[in-house]
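Below: the structure, in structure tokens.
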Amino acid sequence: MKITDIKVIVASPGRNFVTVKIYTDQGLTGVGDATVNGRELAVVSYLQDHVIPLLVGKDAHRLEDIWQYLY
């Protein structure tokens with residue numbers, strides 16, 4: 001199951017939240033939180049410019065490998 005796309009969502013219900021929605025080639029999706037209070041736009045830029053290009057095409061089942069790769 002490969003990651004095909006990741007969308008960044010910024011919402012502001014009282015304070016800013018950065019959420020990512022991950023899409024796979026098998027139609028499954030997942031969500032995650034990427035909020036750093038007071039630095040939301042920096043987080044969005046980092047995700048879009050650096051993290052998302054690295055993750056698209058990776059096997060979504062290999063969570064530990066993805067963690068170690070990004071760490």
Side-chain angles (χ1 to χ4, degrees):
M1 177 170 55
K2 302 286 183 189
I3 297 171
T4 57
D5 195 15
I6 301 174
K7 300 290 183 198
V8 179
I9 304 160
V10 180
S12 185
R15 67 179 198 182
N16 289 331
F17 291 99
V18 179
T19 304
V20 293
K21 188 168 185 180
I22 301 171
Y23 299 86
T24 68
D25 60 354
Q26 293 185 359
L28 296 175
T29 60
V31 294
D33 177 54
T35 302
V36 175
N37 291 330
R39 300 289 184 259
E40 295 82 11
L41 297 180
V43 171
V44 171
S45 178
Y46 176 69
L47 290 170
Q48 291 175 337
D49 295 344
H50 301 286
V51 175
I52 291 172
L54 294 174
L55 294 182
V56 171
K58 296 274 187 207
D59 185 346
H61 285 120
R62 301 185 59 98
L63 298 176
E64 185 64 26
D65 287 343
I66 290 171
W67 195 124
Q68 291 293 329
Y69 182 68
L70 293 175
Y71 185 74

* Asked: Thr29 side chain to Ile22 main-chain N or O, any donor-acceptor pair under 3.5 Å?
  -> no
* Asp5 side chain to Tyr23 main-chain N or O, any donor-acceptor pair under 3.5 Å? ->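 The answer is no, because no donor-acceptor pair under 3.5 Å joins these two groups.
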* Would you indicate whether the side-chain heavy atoms of Val51 and Val20 approach each other to under 4.5 Å? => no
* **Side chains of Asp65 and Asp59 in contact at under 4.5 Å (non-hydrogen atoms)** => no
Verify the cluster assignment for [X] and [Y]: are they in a single hydrophobic cluster under the rule of side-chain heavy atoms below 4.5 Å apart?
X     : Y     : answer
Val56 : Met1  : no
Leu70 : Leu47 : yes
Val36 : Val8  : yes
Tyr46 : Tyr69 : yes

* Asked: Closest approach of Val18 and Asp33, non-hydrogen atoms and distance?
  ->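 Scanning both residues completely, I find the closest heavy atoms to be O-OD1, 3.2 Å.
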* To do: Search all heavy atoms of Gln48 against all heavy atoms of Pro53 and return the closest pair with its distance.
  =>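 Looking at all heavy atoms of both residues, the shortest contact is O-CD, 3.5 Å.
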* To do: Might you confirm whether atom CG of Leu41 has over 12 heavy atoms from other residues, nucleotides or ligands at distances under 6.0 Å?
  => no
[atom1]-[atom2] distance between [X] and [Y], expressed to the nearest 0.5 angstrom:
X     : Y     : atom1 : atom2 : result
Thr4  : Gln26 : OG1   : CD    : 10.5 Å
Thr24 : His61 : OG1   : NE2   : 8.5 Å
Lys7  : Thr19 : NZ    : OG1   : 15.0 Å

* **Residues Ile66, Ile3; criterion side chain to side chain contact (heavy atoms under 4.5 Å, CB included); working and verdict** => CA-CA 11 Å; Ile66 290 171; Ile3 297 171; 4.2 Å; yes
